[in-house]
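Everything on this sheet refers to the single structure shown next.
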Amino acid sequence: MFDQPSNLAPQVETPVTTDHKITAENVNVHYGDTHAIKDVNVKIDDKTVTAFIGPSGCGKSTFLRCLNRMNDTIDICRVSGLIELDGEDINHAKVDPVQLRAKVGMVFQKPNPFPKSIFDNVAYGPRIHGQAANKAELDEIVEKSLRSAALWKEVKDRLHAPGTGLSGGQQQRLCIARAVATAPEVLLMDEPCSALDPIATAQVEELIDELRENFSVVIVTHSMQQAARVSQKTAFFHLGELVEFGETGQIFTNPHDSRTESYITGRIG
Amino acid sequence: MIGGGRLIGRLHSFAGGDMSASTLILVLIALAALGFFLGRSRALASASGNAQALHSRPHFYGANAALMVLIPSLALFAVWTVVAPLSIKADIAQSVPSGLVDEGKSLDLLMTDVRNVAEGLDRAVVAGALTSDAALSIDTETTDVRALLGGVGVALGANVGPEVLKLAKTYRAKSASSSNIMTGLVLAAAMAGLAFAFLRTNKDFRARNTVEATVRATLIFAAMVAILTTVGIFFALIFNTLEFFQLYNWKDYLFGTTWHPHSGGGSDQPLGLIPLLWGTIYISLIALAVAVPIGLFAAIYLAEYASPRVRGTIKPLLEVLAGIPSIVYGLFALLTVGPLLLKVFGNEGLGWMQGASSVMTAGLVMGIMLIPFVSSLSDDIITAVPQALRDGSLGLGATPSETIRQVVLPAALPGIVGAIILATSRAIGETMLVVFGAGAAGKLSLNPFEAMTTVTAKIVSQLTGDADFTAPEVLVAYALGTTLFVVTLCLNVIAQIIVSKYQEQYS
């Protein structure tokens with residue numbers, strides 16, 4: 001299953017040197033004088049949901065934003081170390097962050113639909129990257145993305161209504177559809193359910209599980225139940241360090257590190 | 001409770017009977033302070049010193065008493081100050097001997113003389129040129145009143161006749177007694193308020209709620225004053241405009257295409273609005289064509305690309321530009337931009353331009369004047385677009401400029417439209433710059449290098465100089481004012497509609 005290229009992904013030469021989608025080695029992040037991420041090493045598999053857990057301020061979101069160079073937009077943030085996507089250094093001078101972000105999509109903590117119609121929200125990425133040759137193809141991408149975000153049935157009759165008029169849960173699924181529409185290879189999700197009620201959360205979680213078929217998903221979450229439900233791999237961050245990384249089942253049932261155990265049993269964080 | 005009557009008596013004698021307005025206000029403030037402490041201490045006393053047992057915190061009882069002192073007395077003071085001179089004037093006007101008015105002087109002019117003489121006598125007494133007894137017994141037989149008043153700085157247009165002096169003396173006597181009565185009544189109102197608040201104060205009195213209601217009423221009153229003033233301005237304009245339309249055909253005014261007033265011209269002179277309105281619109285359009293793109297791009301640079309240090313330097317500098325008075329821009333237009341344009345487009349150059357004053361000159365400089373206006377407002381609005389929207393767009397692989405064009409600007413659009421409309425209102429209302437830069441002739445032409453003029457500049461020129469306020473060429477200024485009022489009002493309404501329409505869609 002690892003070798004099959006996803007039908008949504010653009011043609012990328014897959015190097016044989018690695019089985020991993022993303023490899024991070026000795027990643028350090030500084031915010032001004034603050035050392036936010038300390039020597040993090042992690043390998044993220046393709047077609048897998050990887051969860052980053054840890055108490056607030058532990059650096060999990062910061063690390064997530066390293067993976068598509070969103071930290072470039074923050075002036076005082078400096079990233080060092082090696083991060084490879086399919087064996088290519090994403091921080092290399094010849095890599096265009098704009099191209100990278102088309103391959104590594106992102107869904108944010110708060111639903112942030114653009115002040116446009118539902119259709120235009122989803123069509124935003126494909127239009128920018130010229131992924132649709134004509135209107136019919138664009139319609140198809142939009143429908144497919146909305147279906148994969150489990151939003152199609154609810155909005156198909158009002159595609160031209162403003163995206164901001166949807167409910168919170170619908171807005172977040174719209175943002176997921178928007179990210180899916182650009183056919184990324186990796187989807188980064190920064191606490192995608194923290195602004196949602198339990199029903200919407202369940203829908204989004206179900207969606208994440210389905211997205212795994214096509215994408216590598218990395219999700220930051222505060223809810224350990226959510227990490228346990230949706231992920232196959234879990235990384236536990238604490239005070240900027242990656243404390244433990246392994247199979248989700250192992251992390252939650254048999255953690256090797258005492259800090260991980262303290263956190264999952266609710267004694268820290 | 002102190003004997004209120006005795007206190008009033010004492011204050012009265014302390015101020016010598018005719019208390020000046022500033023003394024009166026100081027006394028009221030002192031009474032309010034007294035009320036504050038009395039109210040507070042009575043409240044505390046009623047709870048035997050235990051502030052916890054009171055309904056409200058002690059300072060609310062004090063504030064309640066202070067407000068009860070100030071509000072009724074100040075209201076009475078304000079009303080009396082406005083109404084009393086009017087009623088005195090009407091009184092005196094009735095006792096004017098009929099012969100005086102028939103000498104070719106209007107009653108208004110006579111009343112102005114009377115008031116000037118009365119005020120002059122007051123000044124003379126204050127300056128020591130007359131004793132107060134001498135001021136009462138003064139007459140034209142023994143004193144040259146005009147010279148006397150000239151000596152204390154009150155210049156009169158003519159010699160003072162015995163009738164006028166007599167009327168002035170009556171005027172003085174009436175104002176003095178009116179101001180005495182007012183002082184007494186205001187102080188009585190203050191004392192009554194104090195007594196009322198004091199007696200009402202006990203530990204169960206809900207002072208906090210009362211103060212809250214009073215504060216709210218005061219705020220509503222302030223808002224009403226602003227609205228009523230606008231209504232008042234509108235009616236003043238409307239009545240004068242109607243007066244103009246009685247002398248002049250409204251069709252000729254609204255649809256006339258020539259503007260050429262001459263004094264004593266009557267109702268057949270051309271007073272067409274169209275050339276002036278066209279000048280206003282043309283100049284404003286040029287100004288906006290300069291200000292909107294430059295201002296908007298500057299705002300986008302400042303909000304999206306500039307480093308905090310650059311932004312911190314440029315933004316205050318731009319705001320300094322906004323503070324330059326428009327007459328200085330007018331000089332700039334007259335002395336720098338006009339001659340410069342003349343060099344290029346004048347007879348030595350392309351030959352399109354006859355003099356330094358032109359629509360282009362005024363429009364360009366007005367555009368420069370409006371740049372900081374547009375950029376500063378738009379910058380605030382663009383900065384207020386949530387970072388989450390930018391992150392979302394950048395996270396999808398959009399470039400910064402795509403993000404700005406497709407996400408940030410649409411989100412900021414209602415605010416930007418508002419900023420542009422505000423700039424338009426300023427452009428339409430601008431006067432000094434036009435007087436200096438655009439010329440004074442009302443003309444209907446498409447050539448932007450020709451001198452034209454605007455509605456505002458013409459209002460000024462019709463009302464200045466030897467104005468006869470019954471002639472149509474002067475009254476037309478009111479019609480122009482009303483036109484301007486209506487145009488800006490429509491513009492604001494359109495702006496509101498646009499803004500609310502986009503807000504429904506985007507927020």
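In what follows, chains are A, B, ... by sequence order, proteins preceding strands, each numbered from 1.
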Side chain, backbone, both or neither of V107(A) within contact of chain B (heavy atoms, under 4.5 Å): neither
Residues which pass side chain to side chain contact (heavy atoms under 4.5 Å, CB included) with S216(A), listed by chain and number, not counting sequence neighbours: K21(A), I44(A), D46(A), V186(A)
E191(A): salt bridge (Lys or Arg N to Asp or Glu O under 4.0 Å) partners, not counting sequence neighbours: none
Atom of I128(A), atom of E402(B) and distance for their closest heavy-atom approach: CG2-OE1, 3.3 Å
Where Y124(A) and L396(B) come nearest, the two heavy atoms and their spacing: CD2-CD1, 3.7 Å
R57(B) atom CZ, neighbour heavy-atom count above 12 within 6.0 Å: no
Within 6.0 Å of CD in Q496(B), more than 12 heavy atoms from elsewhere: no
Option that, when pairs with chain B are counted at under 4.5 Å, heavy atom only, ranks first among D96(A), V98(A), L100(A): V98(A)
Part of R69(A) lying under 4.5 Å from any heavy atom of chain B: neither
Passing option when L394(B) is tested against T73(A), D72(A), N68(A) for side-chain contact (heavy atoms from CB on, under 4.5 Å): T73(A)
Residues, nucleotides or ligands: over 12 heavy atoms within 6.0 Å of E319(B) CD: yes
Minimal non-hydrogen separation, Q406(B) against K116(A), with atom names: O-NZ, 2.8 Å
Any donor-acceptor N/O pair, H129(A) side chain to A398(B) backbone, under 3.5 Å: no
Show the atom names and distances, to 0.1 Å, of all donor-acceptor pairs under 3.5 Å that link a side chain in residues 281-298 of chain B to residues at least two apart or in another chain.
unit_1: Y282(B); atom_1: OH; unit_2: L446(B); atom_2: O; d: 2.6
unit_1: S284(B); atom_1: OG; unit_2: T280(B); atom_2: O; d: 2.7

Sorted by number, residues from residues 378-392 of chain B in contact with chain A (heavy atoms, under 4.5 Å): A388(B), L389(B), D391(B), G392(B)
Proximity breakdown for P111(A) and chain B, heavy-atom pairs closer than 4.5 Å: neither
D75(A) and P308(B), any side-chain heavy atoms less than 4.5 Å apart: yes
E140(A) atom CD, over 12 foreign heavy atoms within 6.0 Å: no
Leading residue by heavy atom contact count with chain B [cutoff under 4.5 Å; candidates K110(A), M70(A), M106(A), Q99(A)]: M70(A)
Atom pair OG/CZ of S393(B) and R178(A) - distance to nearest 0.5 Å: 8.0 Å
